[in-house]
Amino acid sequence: MNAPATTAKLNGLIRRLVDDGVLGQERALEAQQQANASQATLVNFLVENDYASPAQVAQAASAVFGLPLLDIAAIERDAMPAIDLKESLVRKYTALPIFKRNNRLYVAIADPMNLAALDEFKFTTGMPTEPVLAEVDKLEALIEKVLDSSETLSSWQELDLEEDLENLEISSEDAEDNLATTSEMDETPVVRFVNKMLLDAIRRGASDIHIETYEKQFRVRFRMDGVLSEIANPPLNLAPKIIARIKVMSRMDISERRIPQDGRLKVQISRKRAMDFRVNTCPTLYGEKIVMRLLDPSSAKLGIDALGYDDHQKQLYLDALAKPYGMILVTGPTGSGKTVSLYTGLNILNTPDRNISTAEDPAEINLPGVNQVNVHPKIGLDFAAALRAFLRQDPDVIMVGEIRDLETAEIAIKAAQTGHLVLSTLHTNDAPQTLNRLANMGVPPYNIASSVSLIIAQRLARKLCTHCRELVSLPREALLEEGFREDELDSLKIYRAKGCDQCTGGYKGRVGIFQVMPISDEMGRLIMENGNAIQLADQAKKEGIKDLRESGLDKVRLGITSLEEINRVTKD
């Protein structure tokens, strides 16, 4: 008897989802009330909170509002109307013009109540507009694809003609110090150039921005897929202004140019996406150099399957994370993806029943539910001091950014031996050398053998572009010398980079290459006997543990990367 009354409280879209059997009445009413309370659009709220899939919401909206539903996943960029897209408008309304017919513009929207978008596009283009519905996830993906393909930081001279980035918010680490682009200062070309540079780095998937001053040159370089490329050459006389702007945004002292400084800023690209930047300045001969590291908070939530582990390696990592105590060490050079590997593990462990604390220099990725501490050696808050504090706060899981000295190593090992799971990093070339590094620090072999449960050595290799990669034929002798087996040569397919407009030099994206080495009983015996790295590596090979080179060759066999790239990242 109560069902009709409950249904009567629901609006058209929610009611349709109930009629279609997607939602129960109580859950539907709960969704509607929470969406109203959050002031989010109903379509986005339903999808983001997993009340219904994008396809289910779009089908229900099409039936209720009588709008055509279009599958825009198959729409090619080249087939879309050639009109000037105002980025702020597209992002604000999640709406995109997709085709033109009889001088009428058809605009894809995910929310059928989004009438303001149609009015805006009608005003901007001067053409009558018609709405078509699209699934919100496919529409957002197409918007990113379209905006990514547009020119961004092509040259300094073109910036005077570009429109301001109206919806871009840039803020410092202090939430109260908001430097949004609506201020008078943000109307200057220097500020617009800096904003464009940050957005361009995000769109191109850069990991670092290098801003460098020389005697007769000022340049901006992006590190993309591990390789630096020159992007822009602003006028040399503007270098101090650009550097000062970045320092202001990062809450640095702009009057201090003699010593290195560290800062941080956040770029709010859209309602759902933000990017953090870790900023460092260093005085050089002709001015300050700035390096900005891009820290994507979503990278910690990619999931372990996206990192590049094979099935056996993934299971070894998951097994180590499932243990209540012990130490997991991740090793590799700077920029090899150690932080993402550690945070992926922390994200798996991050449940309400665990107390997780991290000490980092500095914290790179914000992870809600984890107590993160930035070490500050100048005031006595180093890794060792933070660790000691953690152990007095009833921890379950501890993450130490890096084990740099004996004191930190001893406290971490003691924690691992007394019922805590400890994660940390070291800078060594491979997994066996990590054990020797701890011994060289002065850690007793017994403590190493009884505390370390897993070591992961890793590198990042560029992935071949699937649009342009091409098969290459190599002599059998060369393949055998590279490490391939005789019995696989006849069926082996090896690809090389070519290059096209979809990639950078034949590569697009990166994938991890791993050596995942659990500490077995026999390995522990070798450690106790002061075995060297060569003996430990031989034992790992006997136990079927792939080294970095073998893991890299697996990626070549699968066509994920090239032999040249594996030689670059795993050469001795």
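What you see is a predicted model, and the numbers here were worked out from it, not measured in a lab.
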> Which pair of non-hydrogen atoms, one from Q458 and one from K338, has the smallest distance, and what is that distance?
Replying inline: NE2-N, 3.6 Å

> Taking the side chain as C-beta and beyond, is there a heavy-atom pair between E470 and R496 under 4.5 Å?
Replying inline: yes

> Does V569 reach the side chain of L460, with side-chain heavy atoms less than 4.5 Å apart?
Replying inline: no

> Under 4.5 Å between any side-chain heavy atoms of L489 and L480, yes or no?
Replying inline: yes

>> Less than 4.5 Å apart, side chain to side chain, heavy atoms only: is that true for L479 and E486?
In response: no

> From L553 CG over to E482 CD, what is the distance, rounded to the nearest 0.5 angstrom?
Replying inline: 7.5 Å

>> If you define the side chain from C-beta out and look only at heavy atoms, does anything of L563 sit under 4.5 Å from L474?
In response: yes

>> Testing the 3.5 Å rule here: is there a donor-acceptor pair between the side chains of N567 and R549?
In response: yes

> Any side-chain heavy atom of I211 sitting closer than 4.5 Å to one from F218?
Replying inline: yes

> Under 4.0 Å between a Lys/Arg side-chain N and an Asp/Glu carboxylate O for R557 and D554?
Replying inline: yes

> Are D225 and R204 within salt-bridge range, i.e. N to O under 4.0 Å?
Replying inline: no

> Are L423 and V330 close enough that some pair of their side-chain heavy atoms sits under 4.5 Å apart?
Replying inline: no

> Is the centre of the Y286 ring less than 6.0 Å from the centre of the Y214 ring?
Replying inline: no

> What class does the angle between the rings of Y317 and Y309 fall in, given that below 30° is parallel, 30 to 60° is tilted and above 60° is perpendicular?
Replying inline: tilted

> Only one of R568, M224, E564 forms a side chain to side chain contact (heavy atoms under 4.5 Å, CB included) with R462, so which one is it?
Replying inline: R568

>> Less than 4.5 Å apart, side chain to side chain, heavy atoms only: is that true for F99 and L70?
In response: yes

